[in-house]
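This structure is in structure tokens; I'll ask about it shortly.
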Protein chains: 2
Amino acid sequence: MKRNRISIKDISKALGLSNTTISFILNGKAEEMRISAQVAEKVLAYVKEVGYTPNYLARGLVTGKTNTIGFIVESIGNPFFSQIASLIEEQAYNSGYKIIYSSTNGKQEKALELIRMFRDRGVDGYIICPTDGLAEEIKQLREENRSIVLFDRYLPSVVAHYIGIDNERAMYEACKHLADGGKKNIAMVTTDSEQTQMISRLAGYQRLLKETGLQSHVLQVPYDDIKQRLQPDFESFIKNNPTIDAICFATNYLAIGSLEIMRNLHISIPDQISVVAFDDNEVLRLFQPGITAVEQPLEEMAKLIIDRLLLDLKLGKVTEKTVHKELPARLIIRASSL
Amino acid sequence: MKRNRISIKDISKALGLSNTTISFILNGKAEEMRISAQVAEKVLAYVKEVGYTPNYLARGLVTGKTNTIGFIVESIGNPFFSQIASLIEEQAYNSGYKIIYSSTNGKQEKALELIRMFRDRGVDGYIICPTDGLAEEIKQLREENRSIVLFDRYLPSVVAHYIGIDNERAMYEACKHLADGGKKNIAMVTTDSEQTQMISRLAGYQRLLKETGLQSHVLQVPYDDIKQRLQPDFESFIKNNPTIDAICFATNYLAIGSLEIMRNLHISIPDQISVVAFDDNEVLRLFQPGITAVEQPLEEMAKLIIDRLLLDLKLGKVTEKTVHKELPARLIIRASSL
DNA sequence: CTGAAAGCGCTTACAG
DNA sequence: CTGAAAGCGCTTACAG
């Protein structure tokens, strides 16, 4: 097919040297192999002249390395993920690594396929925002000595690096901010997902209730069918819990969807109901009134993820001791919770 | 290194067959090669049992195909790009192709590096949202017989497939909508970029002025320094052009940034100034008042891009006749322009 | 200082 | 119906 590309062989032939010599020079091992500076220079000049670039497929086949990292997110269309993806891409790029993203859309099946495709493609490391049911596959990756960092949520049964935030505390503080403001009936709108970050956020809410003795009002929208169910479920939740004077949303899409519904119902924020959302973004900032939100330290997370992965990659093997890091989040207070 | 993976050789040895036979069966050529059904079944069963998956690197090395498409966007953090990326990913996935994204952030240098890295990685096709200065590189890709689709903007000097929208007409209609509403001093806020889509949008604005005899008010924010310059430039533009009663924004980030500034200046929309934005998104929809916006047909664009690329890939060579498709956009009218 | 040769895991003419 | 063998473009012991 496209066999017009120049190869090491072509170079060695043209210059009357061996493939070995060319390869060493190309890989910066000229000095180490004590190749004369003249030869090295000549080769480099020629390489530049003819515009040779190595075939990474061939290189990967023999070295087992591709300088590529697979990044599995829930949905690249979600600003939280596209922002962190953007940051991770940049960090990785600066270290000579490329990122391949893909979205699971929360589906275990798709996630499994993606992991397998990344493995087949020979990625060096994995950054995974796991769906449910991924435990076995990830355990196996670890057994095969592959570098993995879990992100946003983890799998309790799997020993692996994890970088995220302290969700329990973040939600506790968000709710406490509402209670401190005199709210008496604080509701929590979340999903029925069993993902760790969701469990922790709910736990933060419950801790506040326990401490303050306030009553619980929880709406769990079915994770698999949020688009369809949010509106009817949220509307009847509001109707059936008329005492609610504040709501904490466990995700940004729940918040944004509900804010639109509240607007249509002419519920005044914060006069009738105060609101706090999870994951800050432009919509929440520009909403009228501005929406108080828990902000995750994206830049720091991106850095920790990449550093950890590159370290493992450099060590060349999976470390026994895994990192489980929960960064503090920050509550950005805006008019919606005053 | 990680040489624990099973290979075709292992299978052929275990089953007492040749690599050839295994390879044919694995590639669905069993019937074509008239391999007995029993043998084929036995091989498939064994493959499944031991969990063999082919090494795509090796396969790619010999076939020259990787079933991967490189997608170069301006910024994956921009909702316009993350949305279309999401759609393209899905379409490609359904056809057995994987997408590798990366962002140029508008930098020619980064774009060149990305194209080269994609080439080195052996992607089968390229979807490129080009920056300036990419003409030579893309011409060369075409000469090397690689499949390319340009998207969002094109390069006038390069013959290549292009899928986008009719920007001139879209902006013309957006402005006409304002003029029809009785606006007398319609401003255009754009960048100084020479990218085709920006030129066309400006041209649409100018056509309306010409038709109606209205006066021109154009602000061009420096593309390379929008973050720093938007606020001061926009504020003095408003101050120096007090007659303005409507503004068309040429991009979503210009619109969103300016809306925030207008809010801080207590400019009432649409009472004092009507507003139309380009590229719809959640922020514009939920802004108070809702912002009228030009919506691009993302789904249709994604489909056209992938279909075109796959067709070229199937034909196995670059078609002489290139497609240059400009889809119609749709104006979504909201309160900001009433 | 440099080269000949094996091998990474596949595919595919060619031969029977 | 099936196999032996060459080759894709690299890297890397090994030898001198």
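Every chain is numbered from 1 and lettered A, B, ... according to where its sequence line falls, protein lines coming before strand lines.
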Quickly work out the A:Asn19 CG to C:dC1 P distance and round it to whole Å. 21 Å
For C:dA4, take OP1 and OP2 only and decide whether either is under 4.0 Å from a side-chain N or O of A:Ser18. no
Is there a side-chain contact between A:Tyr56 and the phosphate of D:dT11, meaning an N or O under 4.0 Å from OP1 or OP2? no
Just checking A:Gly16: base, sugar-phosphate only, or nothing, at a heavy-atom cut-off of under 4.0 Å? sugar-phosphate
Among D:dG9, C:dG3, C:dT11, the one nearest any side-chain atom of A:Ala58 is D:dG9
Closest heavy-atom contact between B:Ser102 and B:Phe118? CB-CZ, 4.4 Å
Across the strands shown, which category fits B:Leu17 at heavy-atom distances under 4.0 angstrom: base, sugar-phosphate, nothing? sugar-phosphate
Measure up the A:His324 and A:Tyr162 rings against each other and bin them: parallel (under 30°), tilted (30 to 60°), perpendicular (over 60°). tilted
Separation of A:Lys13 atom NZ from D:dG9 atom P, in whole Å? 11 Å
Specify the separation, in whole Å, of atom CD1 of A:Ile8 and atom C1' of C:dG3.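 Nearest whole value for this atom pair: 14 Å.
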Under-4.0 Å salt bridge between A:Lys107 and A:Glu109: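 A:Glu109 and A:Lys107: not salt-bridged.
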Backbone N/O of A:Phe80 and side chain of A:Asn78: donor-acceptor pair under 3.5 Å: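 Here the side-chain-to-backbone pair exists.
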Do you know which two heavy atoms are closest between B:Gln195 and B:Asp132, and how far apart they sit? CG-OD1, 3.8 Å
Can you pull every protein N or O that's under 3.5 Å from an N or O on nucleotides 14-16 of chain D?
none

Measure from CD1 on A:Ile25 to C1' on D:dT12 and round the result to the nearest Å. 15 Å
Take atom CD of A:Glu113 as the centre, draw a 6.0 Å sphere, and report whether it contains more than 12 heavy atoms from other residues, nucleotides or ligands.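 Yes, enclosed.
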In whole angstroms, how far is the C1' atom of D:dA4 from the NZ atom of B:Lys9?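 Whole-Å distance recorded here is 13 Å.
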What's the CG-P distance between B:Asn55 and C:dC8, to the nearest Å?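 In whole Å, C:dC8 P and B:Asn55 CG are 12 Å from each other.
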Please name the pair of heavy atoms, one in A:Thr131 and one in A:Gln108, separated by the smallest distance, quoted to 0.1 Å.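 Nearest heavy atoms, A:Thr131 then A:Gln108: OG1-CA, 3.4 Å.
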Give the residues of residues 26-42 of chain B touching DNA chain C, defined as any heavy atom closer than 4.0 Å, sorted by residue number. B:Asn27, B:Lys29
Please report the distance, rounded to the nearest Å, between CD1 in A:Ile11 and C1' in C:dT2.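 In whole Å, C:dT2 C1' and A:Ile11 CD1 are 17 Å from each other.
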Here DNA chain D, pairs taken as Watson-Crick or G-U under 3.5 Å and shown with ( ), [ ] when crossing and | when to another strand, reads |||.||||||||.|||
Write down the distance between CG (A:Leu57) and P (D:dG9), rounded to a whole number of angstrom. 11 Å
Distance-only, no hydrogens or angles: does the A:Asp124 side chain make a donor-acceptor pair with backbone N or O of A:Thr66 under 3.5 Å? yes
Rounded to the nearest 0.5 Å, what's the gap from CZ on B:Arg59 to OG on B:Ser23? Could you check? 7.5 Å
Side-chain donor-acceptor pair under 3.5 Å between B:Gln140 and B:Glu136, yes or no?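 No, B:Glu136 and B:Gln140 have no side-chain donor paired with an acceptor closer than 3.5 Å.
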Establish, yes or no, whether the cationic atom of A:Lys110 lies under 6.0 Å from the six-membered ring centre of B:Tyr93 and within 45° of the ring axis.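 Judged by the rule (NZ or CZ under 6.0 Å from the ring centre, within 45° of its axis), A:Lys110 counts as positioned above B:Tyr93.
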C:dT2 versus D:dT11 - spacing of their C1' atoms, nearest Å: 16 Å
If you look at every strand shown and take non-hydrogen atoms under 4.0 Å, does A:Ser7 touch a base, only sugar-phosphate, or nothing? sugar-phosphate
Given C:dG9, is OP1 or OP2 found less than 4.0 Å from the side-chain N or O atoms of B:Tyr52?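 Looking at the OP1 and OP2 atoms of C:dG9, neither is under 4.0 Å from any side-chain N or O of B:Tyr52.
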Phosphate OP1/OP2 of C:dG3 contacted by A:Thr21 side-chain N/O (<4.0 Å): yes
Exercise: identify the closest heavy-atom pair between B:Tyr126 and B:Ile115: CE2-O, 4.0 Å
